[in-house]
A.B. asks: 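Handing you a structure now.
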2 protein chains.
Amino acid sequence: MAPKSKATITDVARAAGVSTATAGRVLGGYGYTSDDKKEQVLKAAQKLGYRPNALARSLITGKTRTIGVVAGDIQNPFYASVLRGISNVAEANGFGLLITNSDESQSKEVHSVELLAQKQVDGLIVTPSDTRKARHLHNLRGMGVPLVLIDRAVAGLMVDRVATDNIAAAEQAVRYLIAAGHRRIGIVAELVDQENDGLDGFLARAVAGDPIESETLYPSWQRLLGYVRAHRIEGLPVDPRLTIRAGGYSASAAQAALPRLMKVPGPPTALFTTDGTMSEGAMRGLSELKLSIPQDLSIICFDDLDWMSFHRPGITTIAQPRLAMGEAAARMLLERIHGEDYPPRTVLMPAELIERGSVAPL
Amino acid sequence: MAPKSKATITDVARAAGVSTATAGRVLGGYGYTSDDKKEQVLKAAQKLGYRPNALARSLITGKTRTIGVVAGDIQNPFYASVLRGISNVAEANGFGLLITNSDESQSKEVHSVELLAQKQVDGLIVTPSDTRKARHLHNLRGMGVPLVLIDRAVAGLMVDRVATDNIAAAEQAVRYLIAAGHRRIGIVAELVDQENDGLDGFLARAVAGDPIESETLYPSWQRLLGYVRAHRIEGLPVDPRLTIRAGGYSASAAQAALPRLMKVPGPPTALFTTDGTMSEGAMRGLSELKLSIPQDLSIICFDDLDWMSFHRPGITTIAQPRLAMGEAAARMLLERIHGEDYPPRTVLMPAELIERGSVAPL
DNA sequence: AATCAATTAGAGAACGTTCTCACATATGAG
DNA sequence: CTCATATGTGAGAACGTTCTCTAATTGATT
């Protein structure tokens, strides 16, 4: 009963009195086999506790039925949901999932990609940590490894991609605040360094309505752009003192930003936070400052986190379809793995505004 | 510059004018090689964009430097943190991570384990979905595959294990409530079916102080046991009507349980929830019933979720060291993989009570 | 009766590494 | 000088599968 140690296909073949080729055919389910031989082999395999060695199989077929994922941080609810989505379709198609964290560091990402490539994954899903240069990703493409990007694009890298329509979503959120009567609206965004002319320059160009290459912007910059556009559309000025750059992907960075924001002369009456982490930090900061929502400050967040529904008041937010994003990315990748050859596709998923109680009319 | 397609070690050897054996030695970093040959090989490898094929290497060495993980649900913050912990030490040791979800279903778990075993992982970390029977896990042990259990034990399966000291932690939480003057304390726990005599029988035995085989209890039953022990120690009766079985691992199950609990004649003045999911559901339920914390009901939770710190009031809770649990499990597994041969170890990690504002004195 | 296609089965190569062995060449001790 | 030991190299086996070939058998169709 207890399969002592690992039996190979040769062991099974010997036990069944057939050639390894025949045993391989019935066990691997390819080619022709007669019913009686099939039965013998199956019986022998059962008895020996045979388990196919996927390594050997993959070595010769060139397929591992494994996809590699480079996420920012599994622990972050955004990535956790996206991963779950990926996992759902991977599992449904018999694919395994090799997962790594980049912590938004390019060097860790390069390292991860190298690891996954060596393990011969059939394809990769990556949230690139640098949207400007990514030689390792270009290399992958050059070697024909299927690749799908999530959440961000890379300049000049023509591959499938799925992301939220950040600009539209942010614009919608801010216009919602404006419609409620708010005129001084703060924004807390991570806005990590971008190769361009800094926050001030960016704001100036955005406010002036200059064309901006928005595709390869980091999501937080895209959402800032949506913020500015909403102001433009509604004919409101943008006060740069209300645009706070947290400068890091951490809740504590956002938390630290909040006192700065509220100290501005003519402080904001409403706040827009550009992602889950910023939202959490902002909530921490508000709690620390003993400010009440929405009496002291209205707030609209980005990304619908679990607690937002039962928080008092409920938090009005822009919900990204995180699970669906993961699923879409995985599906696109599988299509590529199966050899489909369309031109690169970009799937921009719509976000949904969920009204709860954190925005009060002014 | 651009590595066209995949170069093998044979290609590199040919380009460098040496044997594949020599090329293998310098590229694989084993055996002796002279400095000049080393340089030639390295240069050739560089030029061809050589990337070692981990499959071929693993096939012959018998090691994949990959560990498999079967988690309940990556999306759940508990598993997400544990996974991050595992990922941290795996990555630090050059190991990859193959991750699957079981959704607490035994059949999915069996399927996952089979997949991972076929992919020849060097070891497995599992949160077993059934603590009674687990033939697939016993089989693994029989075949000598290193295995570490997280969060739960399996009857008769002597392997390394890391978990929270649930009984002690729950006891501490409930005694904290009792010390605050509460006498009628509700508990919302998932309490999925156990092969024993049901909730009533279990309670009767626990209240009577009968010995209970607690090692292989599901965590929620262990925490219920801690709840009962706290009552016993403090000389308080246990009212079975206040022990609510959600019957499922979902927030909505807990949410649905709340009205039932509050409808009991002589309703509770305080509530203990036995994990993050139950806590979230309970918060939803409270929000729905328009009950205020801690005026209408004091609450102490299990597992410290992000929102608990900035919720108003702050939520008093038992914090499990989730990250450290994952790290500990991964470290133990790596030791086994490296051949260490102690008797099976059980690491019970202490939980910490974090006082915030959700418990009011009665 | 001859031909063809479909089915069945085995021998042995192939996948890309590492491992074992045999054989050189140095180096140093006695 | 001789022996042992360390260093360096290549030929070819091995890992456990799938793939390619060849060949034999069957059954139906001309």
A.B. asks: Does one side chain, of Asn101(B) or Ser87(A), offer a donor that lies under 3.5 Å from an acceptor on the other?
C.D. replies: yes

A.B. asks: Taking atom NE2 of His138(A) as the centre, does the number of heavy atoms from other residues, nucleotides or ligands within less than 6.0 Å exceed 12?
C.D. replies: yes

A.B. asks: Please state how far atom CG in Leu55(A) lies from atom C1' in dG16(C), giving the value in whole angstrom units.
C.D. replies: 12 Å

A.B. asks: So, Arg152(B) and Glu215(B), do they make that salt bridge, N to O below 4.0 Å?
C.D. replies: no

A.B. asks: Quick one: Lys37(A) NZ to dT8(C) P, roughly how many Å, whole number?
C.D. replies: 12 Å

A.B. asks: So for the helix from dA1(C)-dT30(D) to dG30(C)-dC1(D), with five pairs setting each end axis, what is the inter-axis angle to 10°?
C.D. replies: 40°

A.B. asks: Could you state the OH-C1' distance from Tyr50(B) to dG16(C), rounded to the nearest angstrom?
C.D. replies: 8 Å

A.B. asks: Output the residues of residues 13-23 of chain A in contact with DNA chain C, where contact means a heavy atom of the residue under 4.0 Å from an atom of the strand; sort by number or write none.
C.D. replies: Val18(A), Ser19(A), Ala21(A), Thr22(A)

A.B. asks: Look at atom CZ of Arg345(B) and say whether more than 12 heavy atoms of other residues, nucleotides or ligands are closer to it than 6.0 Å.
C.D. replies: yes

A.B. asks: Starting at atom CD1 of Ile9(A), determine the distance to atom C1' of dT17(D), rounded to an integer number of angstrom.
C.D. replies: 6 Å

A.B. asks: Tell me if a side-chain donor or acceptor on Gln75(B) pairs with a main-chain N or O of Ser81(A) at a distance below 3.5 Å.
C.D. replies: no

A.B. asks: Report the distance from atom CD1 of Ile60(A) to atom P of dA14(C), rounded to the nearest whole Å.
C.D. replies: 10 Å

A.B. asks: Whole Å only: how far is the CZ atom of Arg65(A) from the P atom of dT18(D)?
C.D. replies: 13 Å

A.B. asks: Ala56(A) or Thr61(B): which one's nearest nucleotide on DNA chain C is closer to the 5' end?
C.D. replies: Ala56(A)

A.B. asks: Rounded to whole angstrom units, what separation is found between the CG atom of Asn53(B) and the P atom of dA14(C)?
C.D. replies: 18 Å

A.B. asks: For DNA chain C, which residues in residues 25-34 of chain A have a heavy atom at a distance below 4.0 Å?
C.D. replies: Arg25(A), Tyr32(A), Thr33(A), Ser34(A)

A.B. asks: Does a salt bridge link Lys108(B) with Glu91(A), judged by any charged N lying under 4.0 Å from a carboxylate O?
C.D. replies: yes

A.B. asks: Could you give all pairs that pass the salt bridge (charged side-chain N to carboxylate O under 4.0 Å, His left out) test and reach residues 7-16 of chain A, with sequence neighbours left out?
C.D. replies: Asp11(A)-Arg14(A)

A.B. asks: In this structure, how many angstroms lie between the P atom of dT18(D) and the CG atom of Leu59(A), rounded?
C.D. replies: 11 Å

A.B. asks: For residues 51-62 of chain A, which residue pairs qualify under side-chain hydrogen bond (donor to acceptor under 3.5 Å, both in side chains), counting only residues two or more places apart or in two chains?
C.D. replies: Arg51(A)-Glu114(B)

A.B. asks: Which residues satisfy the side-chain contact (heavy atoms from CB on, under 4.5 Å) test with Lys119(B), sequence neighbours excluded?
C.D. replies: Ala54(A), Arg65(A), Thr66(A), Leu98(B), Leu115(B)

A.B. asks: Classify the side-chain pair Asp103(B)/Ser105(B) by whether it contains a donor and acceptor separated by less than 3.5 Å.
C.D. replies: no

A.B. asks: Please evaluate residues Leu147(B) and Leu157(B) with respect to the criterion side chain to side chain contact (heavy atoms under 4.5 Å, CB included), reporting the C-alpha separation (whole Å), side-chain torsions for both, the decisive distance (0.1 Å), and the verdict.
C.D. replies: CA-CA 10 Å; Leu147(B) 173 64; Leu157(B) 185 62; 4.1 Å; yes

